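Input: a single structure, listed below in structure tokens.
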Amino acid sequence: MVSDVERLLYQVVKRDNSPRSIHCTRRKSFQDGNEKEILTAEVWEAPPLCSRLEIVDRQTIGDLNISDFSRGMGGIADFREGVSVVVQGMSKIWIYSKDSDKYQVMDIDPHEVDRSLVTYPSLLNFDLIENSSITCVGKEEVSNRSTHRISIVPQNSASPLLQIYDDISIWIDSEHNWPIKTIQNYRMNKKTLCETSELNAISFNEDIPKEKFTFAPPEDAERITRDNP
């Protein structure tokens, strides 16, 4: 029998009542003990595919190696050193570094990408729901919005990719069924790591110009390719 909290997560994954657009500030951090990398970015998003991230601030505490957090699940492209803008459109992804004035363009197949990659946690899927112990902790306010706080502990039946997680906490917006905060504790490279993401100053369903999801590099910017790294 499906519990109420499982039913809520199914609605989130299926995008039932999800917003047509999101504009917010996202604060994301990776932490290993006392070492920490914090990235603040302004984000525009039109689920399920289009997104734009512009970095506002980056802080490093200690000598954190971000590669320790690379789990093959995406989501850390904006942590690459020097990256200023990451844009995902219907058929391309642009990554631009203001510091080096260089950019990359990658083609994507929209039929193979079913989520925007900026605000939505990539690990939240049917496998996680069906192979975890799930508890609704209660209602909490996050970023001046009412949310359901949910605790998730993957079980042995989950995929190996999910079994690295000790526990996951997700705060779901009560009105729009969208995750607006996540805390993930997992083991990687013989370390216990913590990844946190929180959306602030959130505006749902505003009209975002289509131009936000394309990128025109500066005239003198250098394009990086496989032949020209």
Side-chain angles (χ1 to χ4, degrees), residues 2-28 41-54 73-78 86-93 108-132 134-152 154 161-162 165 168-184 195-214:
V2 178
S3 67
D4 288 343
V5 65
E6 289 172 331
R7 188 174 294 109
L8 172 60
L9 288 179
Y10 277 121
Q11 290 173 347
V12 173
V13 174
K14 293 177 181 177
R15 297 196 296 273
D16 289 351
N17 197 39
S18 63
R20 60 180 173 83
S21 70
I22 304 152
H23 181 202
C24 64
T25 300
R26 189 202 66 180
R27 187 178 187 271
K28 190 167 187 175
E42 186 171 7
V43 174
W44 297 261
E45 198 160 54
L49 189 65
C50 297
S51 61
R52 183 186 188 97
L53 175 146
E54 296 185 0
M73 297 177 65
I76 67 168
D78 43 303
V86 181
V87 179
Q88 180 169 303
M90 292 300 296
S91 60
K92 295 183 183 295
I93 295 176
I108 59 173
D109 183 346
H111 300 291
E112 295 181 359
V113 182
D114 64 356
R115 289 289 181 188
S116 297
L117 301 179
V118 178
T119 66
Y120 189 93
S122 57
L123 85 168
L124 182 50
N125 54 35
F126 293 123
D127 183 18
L128 182 71
I129 299 171
E130 293 166 1
N131 294 283
S132 298
I134 302 173
T135 305
C136 184
V137 179
K139 288 191 174 183
E140 293 186 7
E141 187 172 288
V142 176
S143 299
N144 298 316
R145 300 192 62 86
S146 173
T147 71
H148 300 280
R149 180 179 176 179
I150 298 172
S151 174
I152 303 173
L161 190 61
L162 291 176
Y165 290 90
I168 303 156
S169 293
I170 301 179
W171 287 255
I172 306 294
D173 184 84
S174 300
E175 181 180 2
H176 293 290
N177 285 357
W178 198 259
I180 62 175
K181 181 178 178 180
T182 59
I183 298 177
Q184 307 168 33
E195 181 178 332
T196 301
S197 177
E198 182 173 345
L199 310 185
N200 296 285
I202 309 168
S203 176
F204 288 114
N205 295 327
E206 69 176 48
D207 293 328
I208 300 176
K210 291 188 293 185
E211 292 75 15
K212 279 290 182 187
F213 306 121
T214 62

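Quick caveat, the model's predicted, so the values are computed rather than measured.
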| said: If I compare all heavy atoms of Thr182 with all of Trp171, which pair ends up nearest, and what's the gap? | reply: N-CE3, 4.3 Å

| query | Between CZ of Arg27 and OG1 of Thr196, what distance do you get to the nearest 0.5 Å? | reply | 8.5 Å

| said: Tell me whether Glu206 contacts the main-chain N or O of Ser21 through its side chain, where contact means a donor paired with an acceptor under 3.5 Å. | reply: no

| Roughly how far apart are Glu140 CD and Ser174 OG, rounded to 0.5 Å? | 11.0 Å

| request: Flag the pair Gln11 / Asn17 as yes when at least one side-chain heavy-atom distance between them is below 4.5 Å, and no otherwise. | output: no

| request: Grab the two heavy atoms, one from Pro179 and one from Leu199, that are nearest each other, plus how far apart they are. | output: O-CD1, 3.9 Å

| query | When rounded to the nearest 0.5 angstrom, what distance separates NE2 in His148 from SG in Cys136? | reply | 7.0 Å

| request: Taking the side chain as every heavy atom from C-beta outward, state whether Leu8 and Ile150 have any atom pair closer than 4.5 Å. | output: yes

| Backbone N or O of Val87 within a donor-acceptor pair of the Arg52 side chain at under 3.5 Å? | no

| message | Within the 3.5 Å criterion, strictly below it, is a donor on Asn177 or Ser18 matched to an acceptor on the partner's side chain? | response | no

| message | Please check this pair: side chain of Ser132 against backbone of Ile152, looking for a donor-acceptor N/O pair closer than 3.5 Å. | response | no

| message | Could you tell me if the side chain of Ile180 sits less than 4.5 Å from the side chain of Phe204, heavy atoms only? | response | yes

| message | For a quick test of reading the model, state the closest non-hydrogen atom pair linking Gly89 to Ile108 and the distance between them. | response | O-CD1, 3.7 Å

| query | How are the rings of His23 and Trp44 set to each other: parallel, tilted or perpendicular (split at 30° and 60°)? | reply | parallel

| said: Just so I know, are the side chains of Ser146 and Glu175 near enough to count as touching, which here means a heavy-atom distance under 4.5 Å? | reply: no

| query | Charged N to carboxylate O below 4.0 Å: is that the case for Glu195 and Lys28? | reply | yes

| request: Check whether any side-chain heavy atom of Cys24 lies under 4.5 Å from a side-chain heavy atom of Thr119, and answer yes or no. | output: yes

| remark: Heavy atoms of Val12 and Leu124 approach each other most closely as CG1-CD2, 3.8 Å

| query | How long is the gap from CD on Glu130 to CG on Leu9, to the nearest 0.5 Å? | reply | 11.0 Å

| task | Of all the heavy-atom pairs spanning His176 and Asn205, show the shortest one and how long it is. | result | CE1-ND2, 3.3 Å

| task | With the side chain counted from C-beta on, respond yes when Arg149 and Lys139 share a heavy-atom pair under 4.5 Å apart, and no when they do not. | result | no

| request: For the residue pair Trp178 and Arg145, establish whether any side-chain heavy-atom pair is separated by less than 4.5 Å. | output: no

| Which atoms form the tightest heavy-atom contact between Leu128 and Ile168, and what is the distance? | CD1-CD1, 4.0 Å

| task | Output yes when Asp207 and Arg20 qualify as a salt bridge under the 4.0 Å nitrogen-oxygen rule, no when they do not. | result | yes

| said: What verdict does the side chain to side chain contact (heavy atoms under 4.5 Å, CB included) test give for Thr147 and Lys181, after you've listed the backbone C-alpha separation in whole Å, the side-chain angles of each residue and the deciding distance to 0.1 Å? | reply: CA-CA 9 Å; Thr147 71; Lys181 181 178 178 180; over 6 Å; no

| message | Nearest 0.5 angstrom please: Ile129 CD1 to Glu6 CD, how far? | response | 8.0 Å

| task | Output, in order, the C-alpha distance, side-chain angles, deciding distance and verdict of side chain to side chain contact (heavy atoms under 4.5 Å, CB included) for Leu49 and Phe213. | result | CA-CA 10 Å; Leu49 189 65; Phe213 306 121; over 6 Å; no

